[in-house]
Asker: 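Got a structure for you, written out below as structure tokens; questions coming shortly.
Here is the naming used below: chain letters follow the sequence lines, and residue numbers restart at 1 for every chain.
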There are 2 protein chains.
Amino acid sequence: MVRAGLTVERLTQAGAELADEVGFEQVTVSAVARRFDVKVASLYSHLKNSHDLKTRIAQLALAELADRGATALAGRAGKDALTAFADVYRDYAQEHPGRYTAARFRLDPEVAAASAGARHAQMMRAILRGYDLTEPDQTHAVRLLGSVFHGYVSLEAAGAFSHSAPDSQESWSRIVESLDALLRHWPASASVSAY
Amino acid sequence: MVRAGLTVERLTQAGAELADEVGFEQVTVSAVARRFDVKVASLYSHLKNSHDLKTRIAQLALAELADRGATALAGRAGKDALTAFADVYRDYAQEHPGRYTAARFRLDPEVAAASAGARHAQMMRAILRGYDLTEPDQTHAVRLLGSVFHGYVSLEAAGAFSHSAPDSQESWSRIVESLDALLRHWPASASVSAY
DNA sequence: TGCATCTACCTAATAGCTTTAGGCAAATGA
DNA sequence: TCATTTGCCTAAAGCTATTAGGTAGATGCA
């Protein structure tokens, strides 16, 4: 009996590939076992359970996304940085739809704290350094950027923009441009706004 | 043998309630059957399958959300309309987290076309009439609003904003205000922008 | 009212996924 | 070379989905 050489890392990687091929929801312990031509029960020496597998795929995706973000941000600032970072999200979701979905998998608080999630927020703040925002507006802006990136990408993945003109790429560019403009002219609180 | 009086509507309603209680992912044909104290197979006279059940819950949620949106928009315009409509999304997601998730369930194209989804887009365009946008910018703006509303609400539901200051309500208000400002001063295309 | 039909819900069965318990053989290391 | 560790296996129980076919309650018509 030749051993398959299973490790948590290989299982996670295979799960991530499977997610991209058939969707994160369809990733099961059984399907991963099949991929290694191994009995299902064998995976339970490496994984706690199904939730554990999904959590690991989510962490992998978050880390990959953060790595790409860091690379994109290197040597860039201002609108250039904003655009590059935004494209990282959108491109990743298009190249790896299953992993992108995995990245939105709800993690347990402790796991989330130890994940690459924090790096994402740090990078957004780094981008915002190119704009003139101070707390608490910077935090509001981080949340806005996160919402737009995630919201757009997931609506697009759901096909929401695929059956109407203009094409999605154009909206994406214009939206990122408009965010740049908004960040450059972030309005003061409504009650005192003279915008 | 007393009959339970199952109908597609009651099953859908029960499924929606279940979704709010335990999460849309946990809504199963079995769980709904249990709720009516009926055998699982009995539901298959009313529902095609599990996917059918989920689709119906999604349609219910989309319709409820559209109804609330329409009510909120009545007699309002401009920033007032924008704020009220935005709050409809956020409040609905908070009151009915399972239904809100259901509303994002990917529908088959024909089902989607017949759903309340179109009403949502129409309402956004109605709001934008209060701003000075013409095509294709209006479409870009519809997509931006959809992205921000959905993105913010789903990140918030995932707990992304719950462990840091300032509190989520404040960010939400400021973000909606900033969108209002952005729509009032929508930048021309980048290449010719003098913003 | 009585009977035929319809249909709502049932039992039974198959199949897939999850998870645990316990076993054997390959790898490791003294 | 032998003991130990450990990787993968078989077996089994429990849950969900789905289909086929049966029975009794509800409905409609004479």
Asker: Which nucleotide sits closest to the side chain of A:Val40: D:dT10, C:dT18, C:dA12?
Answerer: C:dT18

Asker: Keeping to residues at least two apart or across chains, list the ring pair (Phe, Tyr, Trp, His ring centres under 6.0 Å) pairs with something in residues 93-115 of chain B.
Answerer: B:Phe24-B:Phe105, B:His51-B:Phe105, B:Tyr92-B:His96

Asker: Kindly say if A:His46 contacts the phosphate of D:dC8, meaning a side-chain N or O under 4.0 Å from OP1 or OP2.
Answerer: yes

Asker: Which of the following nucleotides, C:dC10, D:dC8, D:dT18, is nearest to the side chain of B:Asn49?
Answerer: D:dT18

Asker: With a 4.0 Å cut-off on heavy atoms, is A:Leu6 in touch with a base, just the backbone sugar-phosphate, or nothing at all?
Answerer: sugar-phosphate

Asker: A:Arg35: which residues meet the side-chain hydrogen bond (donor to acceptor under 3.5 Å, both in side chains) condition with it, sequence neighbours left out?
Answerer: A:Glu21

Asker: Under the 3.5 angstrom rule, does the side chain of B:Arg10 hit a backbone N or O of B:Gly5 as a donor-acceptor pair?
Answerer: yes

Asker: Side-chain N or O of B:Ser45 versus OP1/OP2 of C:dA8: is the shortest distance under 4.0 Å?
Answerer: no

Asker: Is any side-chain nitrogen or oxygen of A:Ser42 closer than 4.0 Å to OP1 or OP2 of D:dG7?
Answerer: no

Asker: Near DNA chain D, counting only heavy atoms under 4.0 Å, which residues of residues 15-30 of chain B show up?
Answerer: B:Thr28, B:Val29, B:Ser30

Asker: Could you tell me whether B:Tyr152 and B:Tyr89 have their ring centroids closer than 6.0 angstrom?
Answerer: no

Asker: I need the CZ-P distance between A:Phe36 and D:dC8, as an integer number of Å.
Answerer: 10 Å

Asker: Is the backbone N or O of B:Ala72 less than 3.5 Å from a side-chain atom of B:Arg76, with the two atoms forming a donor-acceptor pair by type?
Answerer: yes

Asker: Closest to the A:Arg34 side chain: C:dC17, C:dT19, C:dT20?
Answerer: C:dC17

Asker: Nearest-Å distance, NZ (B:Lys39) to C1' (D:dT16)?
Answerer: 14 Å

Asker: What closest approach, in Å, do A:Leu107 and A:Ala58 show between heavy atoms, and which atom pair accounts for it?
Answerer: CD2-CB, 3.9 Å

